[in-house]
Number of protein chains: 2
Amino acid sequence: MTEQKANDNYNDITITTASDQVFVDMRREIVQGTIEQGSKISEPELAKRYGVSRATLREALNRLESCYLVERKANVGCRVVALTAERLIEVYQVRSALEGLACRLAADNMEPQEVQGLKQLLNQHLQTQRVKEGESYYQEAGDLDFHYRIIKGSKNAHLIHLLCNELYQLIRMYRVQMGMAGPRVSKAFDEHLAIINAIENHDGELAEMLMKRHISASQANIQTKFDLHAAKK
Amino acid sequence: MTEQKANDNYNDITITTASDQVFVDMRREIVQGTIEQGSKISEPELAKRYGVSRATLREALNRLESCYLVERKANVGCRVVALTAERLIEVYQVRSALEGLACRLAADNMEPQEVQGLKQLLNQHLQTQRVKEGESYYQEAGDLDFHYRIIKGSKNAHLIHLLCNELYQLIRMYRVQMGMAGPRVSKAFDEHLAIINAIENHDGELAEMLMKRHISASQANIQTKFDLHAAKK
DNA sequence: TGAATTTAGATTGTCGACAATTAATAACGT
DNA sequence: ACGTTATTAATTGTCGACAATCTAAATTCA
């Protein structure tokens, strides 16, 4: 298991209430595997652990359900989602379609300065990547930043919410728990570059195609880790 | 405003708890406009009206938020979503991508008998449509059935949930409140037929393209009503 | 002994009341 | 008279307790 630290709050939530805090905390623990996948969630137990009432905890559980990290059955309770190969495929099919759309829209809607910022970001990643070889956290964070910026560049609020707030935590959960390091780093960099170019040229169709392909490759990569992980047991 | 009756529970929810009931009831009222768009939701007031406690009502509100029918701000409260032209475009862009994907998957994964059932359904719609001219409810229900079956034919559980449980109620809200009748009936029928044929031939690419186009046309149709509606005021 | 039923325990769903925050009204000063 | 600051009222967030339901252990019967 790769070490993960701080700054898991990628989507910009402002924490005001107690349930906000519990939601963010639990989300991190689930994504990182501290609360392990497939495990049953006891409301009284966790409420005590976080020092809040059950009502507050249930509020957080509802939010976690909205981003697919827990599943609920009436009168039975919550369970942390189980990471299966089937679900990975399903989620990535959806992700591919949505992020492809985001990329196509971004080609039309991103401001020139946003595109420049994206380029700079990529250069930074190239450098830090050379320095911190094999440190998977920076890679994950960097890749995430890249995708987030493009998604937000689509300027479609509904799409942004769907991807950044709802779907991405589940995707992160797969990536973190499968352990994303491996030899795909340089390839991913080239793919990112090609996508930026397409966006800069306002070639939406190409940008969409490249992004879909990029995500498919990413899926294949995780799939490999998954099978490896399954074979070990 | 077109008259809407019974059977609004298109997605198969089994109602076990009290909050389930309130959720379904409120959802219907919001979609139909009984609780009007953009209006503030008073928790004490509605709790009294449905004869439940605030905790139960809040549970329902959380679920309504998950399917984009209400929006929440911390320490301020809930508001029914406002139907704007911008949001319509955003939602339909997402819908187009997702249902296009569903259609492509359906071309691979639907059983022959499911395809047959779809054909029969379309024939029924053709007949009932001739009889009940201008009755928009049957049209809406029919169209919905058609789309639902294809979505479920994708066999992608995540995609099915995303479309049927989360997104579709909002789409229905637009359709119902804008008043879907109009001359697009026969055209839509032809488009449906072409989609079925593509699915039957296992031509996923074509099926996806046709579905996307079909949805774009549907969007344009609603857009027109929307502008008309806005001009009236 | 094994399967079905009953019973006991624990968990979730629901309620009413209190605390914290916001929105609306009134008071105040310039 | 107008803008600003207090004060009040209402609303949301949170809590602890009770009721309904499920799970699992114990009992009964074949």
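Below, chain A is the first sequence line, B the second, and so on; all start at residue 1.
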May I ask you to say what [X] touches in the nucleic acid, namely base, sugar-phosphate or nothing, with a heavy-atom cut-off under 4.0 Å?
| X | value |
| --- | --- |
| A:Ile41 | sugar-phosphate |
| A:Leu61 | nothing |
| A:Ser19 | sugar-phosphate |

Indicate whether OP1 or OP2 belonging to [N] is found under 4.0 Å from a side-chain N or O atom of [X].
| X | N | answer |
| --- | --- | --- |
| A:Arg72 | C:dG13 | yes |
| B:Arg58 | D:dT12 | no |
| B:Thr17 | C:dT14 | yes |
| A:Thr56 | D:dG13 | no |
| B:Ser53 | C:dT14 | no |

Integer-rounded Å distance: [N] [atom2] and [X] [atom1]:
| X | N | atom1 | atom2 | value |
| --- | --- | --- | --- | --- |
| B:Lys73 | C:dT21 | NZ | P | 18 Å |
| B:Glu43 | D:dA10 | CD | C1' | 12 Å |
| B:Lys48 | C:dC15 | NZ | P | 15 Å |
| B:Glu59 | C:dT14 | CD | C1' | 10 Å |
| A:Tyr50 | D:dT14 | OH | P | 16 Å |
| A:Leu57 | D:dT14 | CG | P | 12 Å |
| B:Lys40 | D:dA10 | NZ | C1' | 10 Å |
| B:Asn75 | D:dT14 | CG | P | 8 Å |

Exercise for review: Give the nucleotide from the list C:dT14, C:dT22, D:dT11 with an atom nearest to the side chain of B:Val76.
Suggested key: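 It is C:dT22.
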Check your understanding: So which nucleotide from D:dA17, D:dC15, D:dT12 ends up closest to the side chain of A:Arg54?
Key ->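 Within the option list, the nearest is D:dA17.
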Taking [X] first and then [Y], would you say they form a salt bridge - that is, a charged N and a carboxylate O separated by under 4.0 Å?
| X | Y | answer |
| --- | --- | --- |
| A:Glu45 | A:Arg49 | no |
| B:Lys155 | B:Asp108 | no |
| B:Glu114 | B:Arg149 | no |

Point to revise | Steps toward side chain to side chain donor-acceptor pair (under 3.5 Å) verdict (A:Ser66, B:Ser66) | key: CA-CA 6 Å; A:Ser66 295; B:Ser66 294; 2.9 Å; yes
Exercise for review: Would you confirm whether the ring centroid of B:Tyr168 sits within less than 6.0 angstrom of the ring centroid of B:Tyr148?
Suggested key: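 Here the rings of B:Tyr168 and B:Tyr148 have centres that are less than 6.0 Å from each other.
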Practice item. Could you say whether A:Val52 or B:Ser42 is positioned toward the 5' end of DNA chain D, judged by the nucleotide with the nearest heavy atom to each? Key: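 Whichever sits nearer the 5' end wins; that is B:Ser42.
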Practice item. Identify, between B:Gly77 and A:Ala55, the residue whose nearest nucleotide on DNA chain D lies closer to the 5' end. Key: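 Taking each residue's closest nucleotide, the earlier one in sequence belongs to B:Gly77.
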